[in-house]
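Please read these numbers as outputs of a predicted model, since none were measured by experiment. Residue numbers begin at 1 in each chain, while the letters A, B, ... track the order of the sequences.
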Number of protein chains: 2
Amino acid sequence: MSSDNIELATVLNSAVTHLSRRIRRIDDAQDIGRARLSALSVLVFGGPRTLSELAADEMVSPATMHHVVNGLVKLRLATRRTDADDKRKTRIEVTLRGRQYMEDARQARLDFYTAHLDKLSAKERSAVAEFARLADDWVRGG
Amino acid sequence: MSSDNIELATVLNSAVTHLSRRIRRIDDAQDIGRARLSALSVLVFGGPRTLSELAADEMVSPATMHHVVNGLVKLRLATRRTDADDKRKTRIEVTLRGRQYMEDARQARLDFYTAHLDKLSAKERSAVAEFARLADDWVRGG
DNA sequence: ATAATCTAATTAGCCATGCTAAATAATAGC
DNA sequence: GCTATTATTTAGCATGGCTAATTAGATTAT
């Protein structure tokens, strides 16, 4: 572990922190809260799943996810129904309305990114693409 | 706006989303919640300020920040006192204990980053550094 | 000097989002 | 059939978000 990497980690930590805050502000412009938006995105991009699976994906307790899903269902962004094979399980599925909602929210983020990417050189865009690839590795590898 | 940039924005959005989730898990290992941790970091790195200023920094209402600061003060991570020049204003300042707390929390994040950076080539590290610089620009420029 | 207006924080009430614990119903294993 | 395990829901609490109202202090206008 070199001191250069400590310095780079510090700079990266700061950048990711500030970027996350900025993205949060974009997300906060949506009508629903962060927990609902995040759970909805798991459903939209990952497909239907049981309440417990969704809770595990989001790393919260089933009780918490129960509340979040209540909110999504109330807003007609998702539906819940008993699993066909196991009456104890509840399957959660995104609605068309929820899918459209997510698309709008995602588009707001993409607009932020593309506005900035459009101003970059090919070399800079290449660096961004490389970072995205590395970050994905980090998250997958733990 | 090119379709390549839309694709890159999509990939970057996904990477930042997943990375943020991962960082959140690291932060969640701390005893205090996100709002308190975030407010504390503003005080540690940006210095003492009034309650309203802190609320504005965190983009929440003064009433919300009032509650968050109550929590920090109760845990002795920050102090509050009436401003010397204006009796309506409350100044919030981090304690030594709070400063140490923040350092521990930050170190947990840096450990995550350095563990991954240590495995990168010089070229890859250079891309990460470039991204950090760009992201900072994006956040500053709005 | 006094009154009117503005400002900063606090209180009050409500809702969302976290948790643990307990309860209920369904399923699995013996 | 009975016991143990599993999935969800309910209950209670704390944190963190909001708006509205209140209180006290500061500034401005008369």
Side-chain angles (χ1 to χ4, degrees), chain A residues 20-21 24-43 48-93 101 105, chain B residues 20-21 24-43 48-93 101 105:
Chain A
S20 292
R21 273 192 186 131
R24 214 165 67 196
R25 294 299 156 251
I26 294 170
D27 287 347
D28 283 350
Q30 306 301 322
D31 290 338
I32 71 177
R34 276 171 240 156
R36 293 179 187 182
L37 195 60
S38 189
L40 190 63
S41 84
V42 171
L43 294 169
R49 59 205 56 204
T50 67
L51 188 140
S52 287
E53 285 167 345
L54 188 54
D57 292 332
E58 291 288 272
M59 298 194 200
V60 298
S61 70
T64 297
M65 187 50 70
H66 174 74
H67 290 301
V68 174
V69 167
N70 274 355
L72 291 178
V73 168
K74 183 171 147 195
L75 294 169
R76 290 188 290 123
L77 301 176
T79 60
R80 94 198 309 156
R81 79 192 53 158
T82 305
D83 187 74
D85 301 323
D86 185 337
K87 293 297 186 295
R88 298 170 303 181
K89 297 186 178 180
T90 304
R91 293 200 72 79
I92 319 296
E93 186 166 350
Y101 192 95
Chain B
S20 292
R21 274 194 184 130
R24 214 162 71 192
R25 293 300 157 252
I26 293 170
D27 287 347
D28 282 349
Q30 305 302 322
D31 291 339
I32 71 178
R34 276 171 238 156
R36 293 177 186 183
L37 195 60
S38 187
L40 190 63
S41 85
V42 171
L43 295 169
R49 60 205 55 201
T50 66
L51 187 139
S52 288
E53 284 167 346
L54 188 54
D57 291 331
E58 292 288 272
M59 299 195 200
V60 298
S61 70
T64 298
M65 188 47 73
H66 174 75
H67 290 301
V68 174
V69 168
N70 273 355
L72 292 177
V73 169
K74 184 171 148 196
L75 294 169
R76 289 188 291 121
L77 301 175
T79 60
R80 92 196 313 154
R81 80 191 54 155
T82 305
D83 188 73
D85 299 325
D86 185 339
K87 292 297 185 299
R88 299 171 301 180
K89 296 188 183 183
T90 303
R91 294 200 73 78
I92 319 296
E93 187 165 349
Y101 192 96

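- Scanning residues 49-56 of chain A for heavy-atom distances under 4.0 Å to DNA chain D yields A:T50, A:L51, A:S52.
- Using a distance-only test at 3.5 Å, with no hydrogens or angles considered, no donor-acceptor pair links the side chain of A:Y101 to the main chain of A:Q30.
- Here the CG-CG distance, from B:N70 to B:L51, works out to 9.0 Å after rounding to the nearest 0.5 Å.
- Counting heavy atoms from C-beta outward, B:H66 and B:R80 have side chains that approach closer than 4.5 Å.
- The closest side-chain heavy-atom distance from A:R34 to A:D28 is below 4.5 Å.
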For a quick check, with a 4.0 angstrom heavy-atom cut-off, what is the B/S/- contact string for nucleotides 18-30 of chain C, read 5' to 3'? BBB-----BS---
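- You can see that DNA chain D meets the heavy atoms of chain B within a 4.0 Å-exclusive cut from D:dT15 to D:dA26, reading 5' to 3'.
- To the nearest 0.5 Å, atom CD1 of residue A:I32 and atom CG of residue A:L37 are 5.0 Å apart.
- Counting only distance, with no hydrogens or angles, the side chain of A:S41 and the backbone of A:S38 share a donor-acceptor pair below 3.5 Å.
- Considering every non-hydrogen atom in both B:E58 and A:R25, the closest pair reads O-NH2, 3.0 Å.
- Residue-level contact check: A:R91 touches neither bases nor backbone, having no heavy atom under 4.0 Å from any strand.
- Looking at A:L54, A:L77, A:T79 one by one, the single match for side chain to side chain contact (heavy atoms under 4.5 Å, CB included) with A:L72 turns out to be A:L77.
- A donor and an acceptor atom, one from each side chain of B:S20 and A:R24, are nowhere located under 3.5 Å apart.
- In this structure, B:L43 and B:I92 approach most closely via the heavy-atom pair CD2-O, 3.6 Å.
- Distance, B:R80 CZ to C:dA8 P: 16 Å, rounded to whole Å.
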